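Everything numeric here is computed off the predicted structure, so don't read it as measured data. Within every chain, numbering begins at 1; the chains are lettered A, B, ... in the order of the sequence lines, protein sequences first and strands thereafter.
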Protein chains: 2
Amino acid sequence: MKTKERNSSTAQLDELDQHVGYALRRAQLAVFADFIAGQRGPVARPGQFSVLAVIGTHPGITQSQLCAALGIKRANLVAVIDQFESLGLARRLPSATDRRSNRLQLTSAGQRALQSARSAQARHEARIVKLLGAEGRRELLELLAKLCELKRS
Amino acid sequence: MKTKERNSSTAQLDELDQHVGYALRRAQLAVFADFIAGQRGPVARPGQFSVLAVIGTHPGITQSQLCAALGIKRANLVAVIDQFESLGLARRLPSATDRRSNRLQLTSAGQRALQSARSAQARHEARIVKLLGAEGRRELLELLAKLCELKRS
DNA sequence: TATTGTTATACTCTATAACTATA
DNA sequence: TATAGTTATAGAGTATAACAATA
């Protein structure tokens, strides 16, 4: 005898469902949950994956550069790299030209973990295509990119 | 002499920018920031706004029903309602039929706060339409709704 | 037995300030 | 002076377990 739906993902919120911010938050939670559920290896979370992937494609990148690329704070990267090092996935190497900064590299275990995470990511993305269609997904990415321009105004 | 962009919102992440989850997270942060920046009254955060709005459109709703509608945990709603009560925006009224539950209502100050928050929300949504176009926004809402079906699989 | 609201607690993510060692 | 990495800390947001009152 509930007057409301009890399943949060099917709730009728009339007003709120027409708000881009609200729809965006709900969709992001669903997509992240699907991403996480599909990951097998030691790198299960979106934040960890993005760090691992950028180190993989930019070996030798410094922590500050990595933070700038991902839009995260230097202070918050430290624990992530600490964890990667303790898992044997990445290394901090001294820079030859600037003794303040660390150059980041994946170990071979890190490269394998990245490969595995990328496969899971590809399957995750395929589930999205199944829902939206390839064209729908492309449109979505375009619309989302436009939304980021809100930051500059 | 940076090799990467230093502004997080313009960073070139090659691989990551093609990931729906990543694009979704970045867009959501930008949209929430714009929403928050535009709010004036005591209810500045998206989570607070959604609670206030649902009480406003469903006066007499119980805390459990509200949680089910928004997909949040009962334990986490308590502090929000406490805050609304201390700000004089909402009231907990005893239910006539079930002495376990509280029926939630906005005070007149709460209704004014909701009205003000809705105006700011409308201006926020208008900025989004300016970026995406009315049709782009409609498409976006449809695509986001589809993504939520990931939860059921 | 099950549900409502509540407390306590913990974990993640994010943000700031301040320190050190370098530049 | 300014920057890179680090520490400490604090605030949101979210999650679970357990309890008292009530169904």
Practice item. Give a yes-or-no answer on whether the side chains of A:Q48 and A:Q83 include a donor-acceptor pair shorter than 3.5 Å. Key: yes
Review point. Within the structure, does a side-chain N or O atom of B:R92 lie under 4.0 Å from either OP1 or OP2 of C:dT6?
Key: yes
Exercise for review: Specify the residue among A:I81 and B:G47 whose closest nucleotide of DNA chain D lies further upstream toward the 5′ end.
Suggested key: A:I81
Point to revise | Carboxylate-amine/guanidinium proximity below 4.0 Å for A:R91 and A:E85 | key: no
**Study point:** Separation of atom OH in A:Y22 from atom P in D:dG13, rounded to whole Å
**Key:** 14 Å
Practice item. Would you please confirm or rule out a distance under 4.0 Å between OP1 or OP2 of C:dT4 and any side-chain N or O of B:Q65? Key: no
Exercise for review: Round to a whole Å and report the spacing from CZ of B:R26 to C1' of C:dT14.
Suggested key: 14 Å
Exercise for review: Would you mind telling me which residue lines up with the more 5' stretch of DNA chain C, B:N102 or B:L29, judged by nearest nucleotide?
Suggested key: B:N102
Review point. Taking OP1 and OP2 of C:dT3, is either one under 4.0 Å from a side-chain nitrogen or oxygen of B:S101?
Key: no
Exercise for review: Could you tell me whether A:R25 contacts a base, only the sugar-phosphate backbone, or nothing, with contacts defined as non-hydrogen atoms closer than 4.0 Å?
Suggested key: sugar-phosphate
Review point. So, for B:F49 and A:Y22, is the gap between ring centers shorter than 6.0 Å?
Key: no
Revision key, fill the gap. Taking for A:D98 and for A:N76 the nucleotide of DNA chain D with the nearest heavy atom, the one nearer the 5' end belongs to A:D98
**Study point:** Gap between atoms CD1 and C1', on B:I72 and D:dA12 respectively (whole Å)
**Key:** 14 Å
**Study point:** Interatomic distance, B:R45 CZ vs C:dC13 C1' [rounded to whole Å]
**Key:** 12 Å
**Study point:** Spacing between A:R74 atom CZ and C:dT20 atom P, to the nearest angstrom
**Key:** 16 Å
Exercise for review: May I ask you to verify if any side-chain N or O of B:Q63 is less than 4.0 angstrom from the OP1 or OP2 atom of C:dT6?
Suggested key: yes
Exercise for review: Establish, from distance only, whether the side-chain atoms of B:Q39 and B:R45 form a donor-acceptor pair under 3.5 Å.
Suggested key: no
Exercise for review: May I ask you to say what A:R99 touches in the nucleic acid, namely base, sugar-phosphate or nothing, with a heavy-atom cut-off under 4.0 Å?
Suggested key: sugar-phosphate
Exercise for review: Answer yes or no: are there more than 12 heavy-atom neighbours, outside B:Q115 itself, under 6.0 Å from its atom CD?
Suggested key: no
Review point. Ignoring hydrogens and angles, are the base of D:dG5 and the side chain of A:R100 linked by a donor-acceptor pair under 3.5 Å?
Key: no
Practice item. Measure from CD1 on A:I36 to C1' on D:dT14 and round the result to the nearest Å. Key: 12 Å
Check your understanding: With respect to the phosphate group of C:dG5, does any side-chain polar atom (N or O) of B:S64 fall under 4.0 Å of OP1 or OP2?
Key -> yes
Review point. What's the CD-P distance between B:Q28 and C:dT14, to the nearest Å?
Key: 10 Å
Review point. Taking CG from B:L70 and P from D:dA15, how many angstroms apart are they, rounded to a whole number?
Key: 13 Å
Practice item. Under 4.0 Å between any heavy atoms, over every strand shown, what does A:S95 touch: base, sugar-phosphate, or nothing? Just pick one. Key: nothing
